[in-house]
Enquirer: 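So that we are looking at the same thing, I have put the structure below in structure tokens.
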Amino acid sequence: MGSLFASLDIGRKSLQAHQLALQVTSNNMANINTPGYSRQQAVFETDFSVQTAAGLIGSGVTVKNIVSARDRFIELRVADQTQHASEQEALFNTLDQIQRILPSGTGGLQDGISRFFNSFSTLANNPESSALRNAVLSAAQNLATAFNGTARQLEETKSSVNRSIEDAVNKVNVLAGNVATLNQEIIVAEGGGTEASGLRDQRQEYIKELSSLVDVHYYEAQDGAFYVSVAGGHSLVSGNTTQPLSAVPVGIQGNFEVHSGVNNITNLISGGEVAGFIELRDRKIPAYLDDLDTLANTIISQVNAQHGLGTDLLGNAGVNFFNPTPAPSAPLVLPAGAAGNFSVNASLVADPRLVAAGQSGEAGDNANALALAGLAAAKTLNGGVETFAEGFASLQFRVGTDTQGAKRTFDAQSAVLTQLQNQRDSVSGVSLDEEALDLVRFQRAYQAATKFISTIDQLTGDIIAAIGR
Amino acid sequence: MRITPSIQSRNFLEDLARTKARMDKAQEELSSGRRVNVLSDDPYAAGQASEIEAVSSENASFIANNDQLISKFGFLDSTLQRLVLTLENAQTLAAQALSGTTTAESRAALSEGVTGTRKQVLSIANTQYNGTFLFSGSRRPTADAFTDNAPGFSYDGNDEAVYQRLDRSTTVQTNITGQDLFGDAPAILDVLDDLKTAIDNNDPTAIRAEMANLNTLANRVNSLGAVVGERTQLVEQTQSRLREYNLALKKETSRLTDANLVESISDFNLADQAVKVSLSSQARIEQLSLLDYLR
């Protein structure tokens, strides 16, 4: 049976429930800019019912629980998409640097190649001129500098990407440790049946960060812990323990392999920055270096062969114009290829008379200078289908296409990621308008409860006064 | 779909970044005048432009060489003309020696005149261009190409032709060897030696024979002059073609890589407007809040 005192209790419960709801609202508003925060909601419930003569009546309101608004499927997709976008971002950022190593115009490698062969054409005007011979050697040294510089910059980029793999692996381990710690805290916090919303938000942020580094997959166990794996199933986090990855330097170049325990998972990583770095280090940059070395090597061999057919001003057969590429030896000094080691024979630099411009031994014979100049137009590269200029332009085209492709894919993946993040925020994000409305609703309810308590108090006072009379 | 401030700000920032990237690209095009500033702007155009750059550079080298060659041929032609005049002078001396009024004294003067002509021929034979003998073939004698051993001479050059490439497919002989001009029989210096002897000996038959030889020699020099003229014409034609070719290449490079300034300015203005409108609308959206209307 109801009583005035029981009504007072209903008022108390309403005050408490709405005070708690106001707290939830203020917490939502306070965290509006917190990355990864999922808005919370107080779930109201009618408190137990009591029997009255007229029937059952509720005994007020209570907050059943506080829940976070989250969609696990969208969170999974955000993590998955982050891997793709980050991989393409890593590819694009590095390729954008590489494309600037291979410019056209004055000072570029194309210009260096042209000037070198043109210098032989000019030498043919006056083959015994020491000034023109020095001009040939100067153009050759400039070409060597251009090849060396380009190869060195590519090697440095490769080396920098390699170091980034090690850094990323270290970050993965730190983040995996954080996830494991949070797993433990969530298990403990949720033991009482309440959701550890803040901890889950933090953990989801760490998963997102992990996704930007490697291809992670995760699922939630019944106790609330995440089990995280990388590279197609290699365990990274199991409950509160981690299986750290390791970056193992291999070979004389010190390329880092990524290991999970004893397993080499380098080529199994298919997402995140690390996948982009591996693609760059193991495939893209070596392919560019190969093309550059092929170009350098063909120029060296063709020029040396033709130079050998000529006769220098001293009447001797032409010596090697460029130094042949030395075989790689340990310890490897980078850059190791033909482009990195491209250099002019020092004996020619010391004595320009050794430039074999003629073929008959006469000082005024320019036949070999003409033949050397003619190499520029000869299709001697890549099985006799390209000139040197065309070969270098092909390399530029390849790098340009790769960069453009990476940029387009990155833009597309980013757009999808943005859409998914918006979907996630649509579910979990805080809306100030909503919170403002909640604020008013709970404020009004709180005010109503206080008015109600005041009214009951007055009624109780009236009764006490009546009894006293 | 619930729209939260984080969605609005993310969309706004990404749209703004995209518009600013368009603006930046348009500005880069306007300041550089080029549509292709890095390879990825248009890999095909960049690759093509790079190949064109190599061909254009090679052509520029050919053009510079050909300019030198035209100067050389001009000098060679004027040298040959001087030689023709010298030979005509010798013919005049021979004709005078054949007239019936010559005395021993005048014959001595004519003989001396032939000696002078011979010296002029020798001087022409040792003409240098750009520090090298014009008629020594591919040899570079340390002393003269032709040494006077009067009577007779010795030649320290060779009969080698020297060539130069006018473009990728055309080569031209750039010299006339001393052998072609002075060495082949009848040799000019020998003819002049014989003419002097004939005048000294007052031998009309011999003088007439040498006059005929001088005529042959003048024809030879004129023929060689015509060859030089043809070669000059070939160089000039090639030169003209190369200049037109390079102009066409420049146009093609421009088509491939240059910015369309009208388009770039239009893009820039559109992006500029978009940024302003975007900033303005976002500023108004940011001000809208239910909190402002609640009391």
Side-chain angles (χ1 to χ4, degrees), chain A residues 32-33 95-96 99-100 102 104-105 110-111 113-115 117-118 121-122 124-126 128-129 358 360 362-367 370 373-374 376-377 387-390 392-394 396-401 403-404 407 414 418 421-423 425-427 429-434 436-437 439-440, chain B residues 1-7 9-11 14 18 36 38-58 60-62 64-65 68-69 72 130-133 136-140 157-158 160 162-165 168-169 171 174-175 257 288-291 293-294:
Chain A
I32 188 167
N33 293 318
L95 287 170
D96 190 36
Q99 69 170 339
R100 291 163 206 277
L102 303 165
S104 294
Q110 186 74 284
D111 184 50
I113 294 169
S114 295
R115 283 177 189 271
F117 287 106
N118 290 346
S121 194
T122 308
N125 285 332
N126 200 353
E128 71 275 30
S129 161
S360 64
E362 297 295 353
D365 180 12
N366 65 1
L370 289 177
T387 64
F388 300 128
E390 288 164 353
F392 182 69
S394 294
Q396 288 180 307
F397 176 73
R398 184 175 180 177
V399 172
T401 309
T403 311
Q404 192 186 53
K407 174 79 168 68
S414 293
T418 299
Q421 283 172 331
N422 285 347
Q423 281 183 19
D425 283 356
S426 176
V427 174
V430 176
S431 161
L432 274 183
D433 291 339
E434 274 181 11
L437 273 177
L439 191 67
V440 173
Chain B
M1 184 175 172
R2 291 174 68 247
I3 302 297
T4 63
S6 59
I7 294 176
S9 61
R10 181 182 298 116
N11 286 345
E14 293 199 357
R18 263 195 294 275
V36 181
V38 286
L39 302 175
S40 60
D41 282 342
D42 186 341
Y44 172 76
Q48 288 287 300
S50 182
E51 283 181 31
I52 289 172
E53 178 193 330
V55 176
S56 182
S57 169
E58 191 183 21
S61 171
F62 285 134
N65 288 345
Q68 285 190 33
L69 209 51
K72 183 180 178 181
N130 205 12
T132 57
F133 291 107
S136 64
S138 63
R139 273 184 71 83
R140 295 290 181 262
N158 63 20
E160 292 297 321
V162 177
Y163 296 91
Q164 179 57 289
R165 292 165 72 228
R168 278 193 171 184
S169 56
T171 55
T174 63
N175 68 335
T257 62
L288 286 177
S289 172
L290 183 59
L291 289 168
Y293 297 91
L294 295 174

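Just so we're clear, the structure is a prediction, and the values are computed from it rather than from any experiment. Below, read A as the first sequence line, B as the second, and so on, with proteins coming before strands; counting in each chain starts at 1.
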Enquirer: Which pair of heavy atoms, one from A:G364 and one from B:V162, lies closest together, and at what distance?
Expert: O-CG2, 3.9 Å

Enquirer: Does A:R115, at its CZ atom, have more than 12 non-hydrogen atoms belonging to other residues, nucleotides or ligands within less than 6.0 Å?
Expert: no

Enquirer: Considering only heavy atoms from C-beta outward, does the side chain of B:E58 approach that of B:R165 to under 4.5 Å?
Expert: yes

Enquirer: With a 4.5 angstrom heavy-atom cut-off, is it the side chain or the backbone of A:A373 that approaches chain B, or both, or neither?
Expert: both

Enquirer: So do the side chains of B:M1 and A:S426 get within less than 4.5 Å of each other, counting heavy atoms only?
Expert: yes

Enquirer: A:V430 vs B:T4, test: side-chain contact (heavy atoms from CB on, under 4.5 Å). Steps then yes/no.
Expert: CA-CA 6 Å; A:V430 176; B:T4 63; over 6 Å; no

Enquirer: Which bit of A:N33 is near chain B, if near means a heavy-atom gap under 4.5 Å: side chain, backbone, both or neither?
Expert: neither

Enquirer: Which residue out of A:V427, A:T403, A:D425 racks up the most heavy-atom pairs below 4.5 Å with chain B?
Expert: A:D425

Enquirer: Chain B heavy atoms under 4.5 Å from A:E434: which part of the residue, side chain, backbone, both or neither?
Expert: side chain

Enquirer: Should B:N11 and A:T418 count as side-chain neighbours, where that means a heavy-atom distance under 4.5 Å?
Expert: yes

Enquirer: So, A:D96 and B:S40: side-chain donor and acceptor under 3.5 Å apart, yes or no?
Expert: no

Enquirer: At a 4.5 Å cut-off on heavy atoms, which part of B:R168 comes close to chain A: side chain, backbone, both, or neither?
Expert: side chain

Enquirer: Counting only non-hydrogen atoms closer than 4.5 Å, does A:V440 touch chain B with its backbone (N, CA, C, O), its side chain (CB onward), both, or neither?
Expert: side chain

Enquirer: Quick check for you: among A:L439, A:L370, A:L95, which has the greatest number of heavy-atom pairs under 4.5 Å with chain B?
Expert: A:L370

Enquirer: If I measure from the heavy atoms of chain A, does B:D41 come under 4.5 Å with its side chain, its backbone, both, or neither?
Expert: backbone

Enquirer: Please look at B:E14 and chain A and tell me whether the side chain, the backbone, both or neither of the residue comes under 4.5 angstrom of a heavy atom of that chain.
Expert: side chain

Enquirer: Under 4.5 Å from any heavy atom of chain B, what part of A:L437 do you find: side chain, backbone, both or neither?
Expert: both

Enquirer: What heavy-atom pair brings A:N126 and B:T132 nearest, and what distance separates the two atoms?
Expert: OD1-CG2, 4.1 Å

Enquirer: Got a donor-acceptor contact below 3.5 angstrom from the A:Q396 side chain to the A:L102 backbone?
Expert: yes

Enquirer: Using a 4.5 angstrom heavy-atom cutoff, name the option from A:D111, A:I113, A:L432, A:T122 with the most pairs to chain B.
Expert: A:T122

Enquirer: At a heavy-atom separation under 4.5 Å, does B:Q68 approach chain A through its side chain, its backbone, both, or neither?
Expert: side chain

Enquirer: So which part of B:R139 gets closer than 4.5 Å to some heavy atom of chain A, the side chain, the backbone, both or neither?
Expert: both

Enquirer: Give, as side chain, backbone, both or neither, the part of A:E128 having an atom under 4.5 angstrom from any heavy atom of chain B.
Expert: side chain

Enquirer: Can you tell me which of B:A54, B:A49, B:S56 forms the most heavy-atom pairs within a distance under 4.5 Å of chain A?
Expert: B:A54

Enquirer: Identify the two heavy atoms, one from B:A45 and one from B:T257, that lie closest to each other, and give their separation to 0.1 Å.
Expert: O-CG2, 4.3 Å

Enquirer: Does any donor atom in the side chain of B:E160 or A:S360 lie under 3.5 Å from an acceptor atom in the other side chain?
Expert: no

Enquirer: With a 4.5 angstrom heavy-atom cut-off, which part of A:F117 approaches chain B: side chain, backbone, both or neither?
Expert: neither

Enquirer: Using a cut-off of under 4.5 Å on heavy-atom pairs, state which of A:A376, A:G429, A:S414 scores highest against chain B.
Expert: A:G429

Enquirer: Let me know if B:F62 has heavy atoms under 4.5 Å from chain A in its side chain, its backbone, both or neither.
Expert: side chain

